[in-house]
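The analysis underlying the following values was restricted to heavy atoms, covering all of them including side chains, and did not include hydrogens, waters or symmetry mates.
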Amino acid sequence: MPQPKVEKLITAVDIGSWKVSALIAGRTDTGELAILGTGQRESRGVRRGFIADMERTELAVRETVEQAERVAGTNIEDVWVSFSGGSLVSDVVTVERDMGGYRIEQPDIDDLLTTGQQGIDPDGRIVLHAQPTCFTINGKVPVKKPLGMHADLLGVDIHVVLADGAPLANLDLCVRGAYLNVNSIVASPIATGLACLSEEERDLGVALVEMGAGVTNVSLYAGGMLVGLHSIPMGASDITDDIASSFGIRRSQAERIKCFYGSAMQNPRDFREMIEIAPPHGDVAVPGQAAGPNAEGGKITRAALVGVICERLNQIMTEVNAALAGMGFNSTGRQVVLTGGGAEMKGIADYAQGALGRAVRIGRPRGLSAMPEAHSGPAFATLAGLALYGASNPVDLRTMAPAPQTVHRLGTPLWWQRMMRAIKANY
């Protein structure tokens, strides 16, 4: 059986606080999106979603993309890039037009979108997204395609995402410094929601909690669109730092201990299970070396590790709960989808369900074929969503050309022509 022919390449680059990952996908002639190559490097210059060291970030992006190119056996030039900084703001702009009961034609829709484009007030920020999400007829009936329908009033809801200009400019410069063209910078919650949430979930109402390394983004979906967004400057790397500080060990070892032994739920056996740790000055524990207040002889109990983890998780979930309450989540839905690198911790879904008092599931990327197993977890949801976003090529009012204006040149009035002829004849 012949292999499907790849018609278009889409490259996604997710620049996070802990890792930089890249994915090259190909859209086949069957409409399927297949993974051709992936790459990953440690993030060396990003703090809390913002660029802190441009040179190190450029190098990490370049190495990551080169790795993905070697796996895919191709060279790429254009990429879709994610932005997860805490300066994101979400808003919904509603615009209406009086139709007088007439049939809706394409120029009516174009004029409505142009009016909506002109009505967006960035308030000193950069418009990252401006996408029409839902049309309405007579202010009540939501429709996807109003063309050809009769209406007294035609409206549209435009989802707008704003961000501070300087962080976006720094991100753009880093990617272009790696000899890549930026197709678009995509807000991380939009890309992640595209990969983890079903259309029905977005319509009924769902909260998406993306627990990254340095930032936890809480976004609220209702009526098929993103209606609320809040960023919390805490994440999974803060848990790692707490472990390293509590037990006097290196960050690298704290991360390994967190991944292999960490859990969000306490177990009675944890008080008997011992974990060997190494002091900061070496990779091998020194017999009799006390490593932090909870360590004894280069060992700690797993219960002590879980206690440190849960203490930070409690702070994060308290902030998440406050963000959901502030966005009115109680009136729009009950389910929470937890994703991001922090969602890979053992027992995190049960912990979050108890802390938030809502049904919680782990969101994993879907919609891509030939996804490597190492990249199929929640830590790569944003990366997969970027590829899906690039393949869908959504309508964005920022790129919409202004409506052409027809200039009517008025001819010379007949009475003026007659008067001029009379003047010329008599003088």
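With a 6.0 Å radius and a threshold of 12 heavy atoms from other residues, nucleotides or ligands, Glu199 has its CD atom at or below the threshold. Heavy atoms from other residues, nucleotides or ligands lying under 6.0 Å from CZ of Arg251 number 12 at most. For Gln315, the CD atom is densely surrounded, since the number of other residues' heavy atoms within 6.0 Å is greater than 12. No more than 12 heavy atoms of other residues, nucleotides or ligands sit less than 6.0 Å from atom CD of Glu55.
Looking only at side-chain heavy atoms (C-beta outward), Asp164 and Arg125 come within less than 4.5 Å of each other. No side-chain heavy atom of Arg97 sits less than 4.5 Å from a side-chain heavy atom of Thr115. Counting heavy atoms from C-beta on, the side chains of Arg364 and Ser376 never come closer than 4.5 Å. Between His129 and Val186 there is a side-chain heavy-atom pair separated by less than 4.5 Å. The shortest side-chain heavy-atom distance between Met345 and Leu313 falls under the 4.5 Å cut-off. Counting heavy atoms from C-beta outward, Leu388 and Leu33 have side chains that approach closer than 4.5 Å. Annotation: side chain of Gln335 is not in contact with side chain of Leu204 (no heavy-atom distance under 4.5 Å). The shortest distance between side-chain heavy atoms of Asn314 and Tyr351 falls below 4.5 Å.
Residues Thr216 and Glu319 have side chains that never bring a donor and an acceptor to within less than 3.5 angstrom of each other. Arg358 and Asn321 share a side-chain donor-acceptor pair at under 3.5 Å.
A donor-acceptor contact shorter than 3.5 Å links the side chain of Asp270 to the backbone of Asn267. In this structure a side-chain-to-backbone donor-acceptor pair under 3.5 Å is present from Thr339 to Pro378. Not one N or O on the side chain of Glu255 forms a donor-acceptor pair closer than 3.5 Å with the backbone of Thr240.
For the residue pair Leu88 and Pro189, the shortest heavy atom distance occurs at CD1-CD, 3.9 Å. When all heavy atoms of Met99 and Leu154 are compared, the closest pair comes out as CG-CB, 3.8 Å. Scanning both residues, Ala12 and Ala387, for their nearest heavy atoms gives CB-N, 3.9 Å. The two atoms that bring Leu305 and Ile275 nearest to each other are CD2-CD1, 3.8 Å, heavy atoms only. Nearest heavy-atom pair, Ser219 versus Leu229, reported as atom, atom and distance to 0.1 Å: CB-CD1, 3.9 Å.
Using a 4.0 Å cut-off between charged nitrogen and carboxylate oxygen, Arg44 and Asp53 do not count as a salt-bridge pair. The pair Asp238-Arg48 counts as a salt bridge, with a side-chain nitrogen and a carboxylate oxygen less than 4.0 angstrom apart.
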Stepwise side chain to side chain contact (heavy atoms under 4.5 Å, CB included) test for Val156 and Leu113 | CA-CA 8 Å; Val156 64; Leu113 295 178; 4.3 Å; yes
Report all side-chain donor-acceptor pairs from residues 73-83 shorter than 3.5 Å, counting only partners two or more places apart or in another chain.
residue, atom, partner, partner atom, Å
Asp78, OD1, Asn181, ND2, 3.2
Ser82, OG, Asp14, OD1, 2.6

